[in-house]
Amino acid sequence: MATSHTVQNPFNRLLLTGAAGGLGKVLRESLKPYARVLRLSDIALMAPAVDASEEIQLCDLTDKHAVHQLVEGVDAILHFGGVSVERPFEEILGPNISGVFHIYEAARRHGVKRVIFASSNHVIGFYKQDQTLDARSPRRPDGYYGLSKSYGEDMATFYFDRYGIETVSIRIGSSFPEPQNRRMLSTWLSFADLTQLLERSLYTPDVGHTVVYGASNNPNLWWDNRYAAHLGFAPKDSSDVFRDKVQAQPMPAANDPSMIYQGGAFVAAGPFGDE
Ligand code: NAI
Ligand code: 15L
């Protein structure tokens, strides 16, 4: 993705967790204009820093002390690290639940005023695909992963109410190079639109705790961003250009969860631990 444009007020130092992951690798490039220094962190190894504009700091989100060291000296946090799919509760607990607590506690102790939280559509995954939701629709998590993101959103509300730390929680739909199936024709978020949404989330003043759905300008959207209008997010891409390619795939059965629920196959994962 092109990153050549100049930003008037880049942050001095931004922290990106999950930097070795699928989105992390993309954001490592696309966030460059927004910070003099991008601190890149993950539990997994990643490519070394290219120059002084990057800092690599390996960190396990379950390690409170390490997270406190990680957050020192940053102006804002883009929290993308953690388990990103449905897994047994015990695997999610440390990285996603303790991890998000460690991030907010470290933000409080180091005076960081803004967090961008990579939440997920799986906080509302049990709604049917013919329903339109906004940020005030009651959450209906579709598994332990969705529950952990729901908890992260509550953590964000608490840290704003109690300590004034602002958050934009982005309920990302499906952010991949292309929509991979029929469901993603509704949920797809292009990398360029994700970057625009992060830019708006970093620079918009007085966001409190804002919840925004992260989807491109797709036909047949299930999500209404009326309560995040102050962000000024205006997605430019659309899944429509991939429609023919996706619709050439075999049609799933009518009772397949991917055809019924907003969370798709996640609603049918598990139970775990019965084997
Ligand atoms: P990913 O699984 O590729 O990246 C997540 C990264 O977190 C990995 O590099 C992993 O090593 C790291 N991580 C896991 N446990 C950790 C720990 N204990 N300590 C430190 N780092 C740890 O996922 P992806 O697709 O890049 O997603 C990034 C974020 O966005 C995740 O939080 C995910 O839940 C969220 N998201 C992504 C969506 C998408 O469509 N890609 C949709 C909705 C939410
Ligand atoms: C997510 O939350 C996952 O992190 C991602 O891998 C996709 O499964 C996405 O949701 C989705 O719902 O398509």
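For ligands, and for the atoms within them, numbers begin at 1 and follow the listed sequence.
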Worksheet item: D142 side chain to V267 main-chain N or O, any donor-acceptor pair under 3.5 Å?
Response: no
Worksheet item: Which protein heavy atom lies closest to atom 39 (C) of ligand 1, and at what distance to 0.1 Å?
Response: S175 N, 3.6 Å
Worksheet item: If you round to the nearest 0.5 Å, how far is CD of Q129 from CE of M259?
Response: 7.5 Å
Worksheet item: Can you find an N or O of G82 that's nearer than 3.5 Å to an N or O of ligand 1?
Response: yes
Worksheet item: Roughly how far, to the nearest 0.5 Å, is the NZ atom of K64 from the CZ atom of F101?
Response: 4.0 Å
Response to the item:
One should read off an interatomic distance between L194 CG and L189 CG, to the nearest 0.5 angstrom, of 5.0 Å
Worksheet, complete the sentence: Check: of G21, G173, S258, G263, min heavy-atom distance to atom 9 (C) of ligand 2 comes from G173
Discussion item. List ligand 1 atoms under 4.0 Å from S174, heavy atoms only on the residue side.
Written reply: 40 (O)
Practice prompt. Decide yes or no on side chain to side chain contact (heavy atoms under 4.5 Å, CB included) for Y151 and V100, but give the supporting numbers first.
Written response: CA-CA 9 Å; Y151 178 81; V100 77; 4.0 Å; yes
Practice prompt. Using atom types as modelled and distance alone, determine if a side-chain donor or acceptor of T167 lies under 3.5 Å from a backbone N or O of I116.
Written response: no
Practice prompt. Identify the residue among I124, T187, N121 that makes a side chain to side chain contact (heavy atoms under 4.5 Å, CB included) with Y213.
Written response: I124
Fill in: ILVMFWY cluster, V83 and L45 together (side-chain gap under 4.5 Å)
no
Practice prompt. Return yes or no for this condition: an N or O of H79 is under 3.5 Å from an N or O of ligand 1.
Written response: no
Discussion item. Can you tell me which portion of T187 lies within the under-4.0 Å heavy-atom range of ligand 2? Options are side chain, backbone, both, or neither.
Written reply: neither
Worksheet entry | Sub-4.0 Å atoms of ligand 1 with respect to non-hydrogen atoms of S120 | 43 (C), 44 (C)
Worksheet item: Side chains of S258 and R183: donor-acceptor distance under 3.5 Å anywhere?
Response: no
Worksheet item: At under 4.0 Å between heavy atoms, which part of K149 makes contact with ligand 1: side chain, backbone, both or neither?
Response: side chain
Worksheet entry | Pair E178-W188, side-chain donor/acceptor within less than 3.5 Å | no
Worksheet entry | Neighbour count >12 (heavy atoms, 6.0 Å) for atom CZ, F233 | yes
Practice prompt. Please check if the side chain of R171 supplies one atom and the backbone of G214 the other of a donor-acceptor pair under 3.5 Å.
Written response: no
Worksheet item: Which ligand 1 atoms are under 4.0 Å away from a heavy-atom of P95?
Response: 15 (N), 18 (N)
Worksheet item: What atoms of ligand 1 come within less than 4.0 Å of a heavy atom belonging to C59?
Response: 19 (N), 20 (C)
Worksheet item: What is the closest protein heavy atom to atom 16 (C) of ligand 1, and at what distance does it sit?
Response: I43 CG2, 3.8 Å
Worksheet item: Can you tell me how far CG of L58 sits from CG of L70, rounded to the nearest 0.5 angstrom?
Response: 10.0 Å
Worksheet item: Which of the atoms of ligand 1 are close to G81, meaning less than 4.0 Å from one of its heavy atoms?
Response: 7 (O)
Fill in: Contacting atoms of ligand 2, where contact means under 4.0 angstrom from a heavy atom of N121
10 (O), 11 (C), 12 (O)
Discussion item. Which residue and atom name correspond to the protein heavy atom nearest atom 31 (C) of ligand 1, and how close is it?
Written reply: F80 O, 3.2 Å
Practice prompt. Would you check whether N121 has a nitrogen or oxygen atom less than 3.5 angstrom from a nitrogen or oxygen atom of ligand 1?
Written response: no
Item to complete: State the atoms of ligand 1, each with its element, that fall below the 4.0 Å cut-off from a heavy-atom position in S119.
Response: 43 (C), 44 (C)
Worksheet item: ligand 1 and I172, any nitrogen or oxygen pair closer than 3.5 angstrom?
Response: no
Item to complete: Among all protein heavy atoms, pick out the one at the shortest distance from atom 2 (O) of ligand 1; state its residue, atom name and that distance to 0.1 Å.
Response: S84 OG, 2.7 Å
Worksheet item: Are G173 and ligand 1 in contact, using a heavy-atom cut-off of under 4.0 Å?
Response: yes
Worksheet item: Do S190 and D193 meet the criterion of a side-chain donor-acceptor pair at a distance under 3.5 Å?
Response: yes
Worksheet item: Tell me, which protein residue and heavy-atom name are nearest atom 4 (O) of ligand 1, and how many Å apart are they?
Response: G21 CA, 3.4 Å
Worksheet entry | Heavy-atom nearest neighbour of atom 33 (C) of ligand 1 within options Y145, F176, W188 | Y145
Worksheet item: So which heavy atom in the protein is nearest atom 30 (O) of ligand 1, and how far is it from that ligand atom?
Response: A118 CB, 3.5 Å
Item to complete: Any atoms of ligand 2 less than 4.0 Å from a non-hydrogen atom of F266? List them with their elements.
Response: 8 (O)
Worksheet entry | Protein heavy atom at shortest distance from atom 10 (O) of ligand 2 | H122 NE2, 3.1 Å
Practice prompt. Just jot down the ligand 2 atoms closer than 4.0 angstrom to any heavy atom of R183, in number order.
Written response: 11 (C), 12 (O), 13 (O)
Practice prompt. Could you check atom 5 (C) of ligand 2 against the protein and tell me its nearest heavy-atom contact, residue, atom and distance included?
Written response: F176 CZ, 3.9 Å
Discussion item. Taking the six-membered ring of Y227 as reference, does the cationic atom of R136 (NZ for Lys, CZ for Arg) lie under 6.0 Å from its centre and within 45° of its axis?
Written reply: yes
Worksheet item: Should the proximity of M184 to ligand 2, defined as any heavy atom under 4.0 Å, be assigned to the side chain, the backbone, both, or neither?
Response: side chain
Worksheet item: Do H230 and T204 have side-chain N/O donor and acceptor atoms under 3.5 Å apart?
Response: no
Discussion item. Under 3.5 Å between any N/O of T62 and any N/O of ligand 1: does that happen in this structure?
Written reply: no
Discussion item. Tell me the protein heavy atom at minimum distance from atom 3 (O) of ligand 1, and give that distance in Å.
Written reply: G22 N, 2.8 Å
Discussion item. Give me the residue, atom name and distance of the protein heavy atom closest to atom 6 (C) of ligand 1.
Written reply: D42 OD2, 3.6 Å
Worksheet entry | ligand 2 atoms in contact with S120 (distance to a heavy atom under 4.0 Å) | 1 (C), 2 (O)
Discussion item. How far is atom 13 (O) of ligand 2 from the closest protein heavy atom, and which atom is that?
Written reply: S174 OG, 2.6 Å
Item to complete: Just need the protein heavy atom nearest to atom 4 (O) of ligand 2, so name the residue and atom and give the distance.
Response: S84 O, 2.6 Å
Worksheet item: Is any N or O atom of A44, backbone or side chain, closer than 3.5 Å to an N or O atom of ligand 1?
Response: no
Worksheet entry | Check: S186 main-chain N/O paired with N218 side-chain donor or acceptor under 3.5 Å | yes
Discussion item. Strictly distance-based, threshold 3.5 Å: is any side-chain N or O of E166 a donor or acceptor partner for the main-chain N or O of F160?
Written reply: no
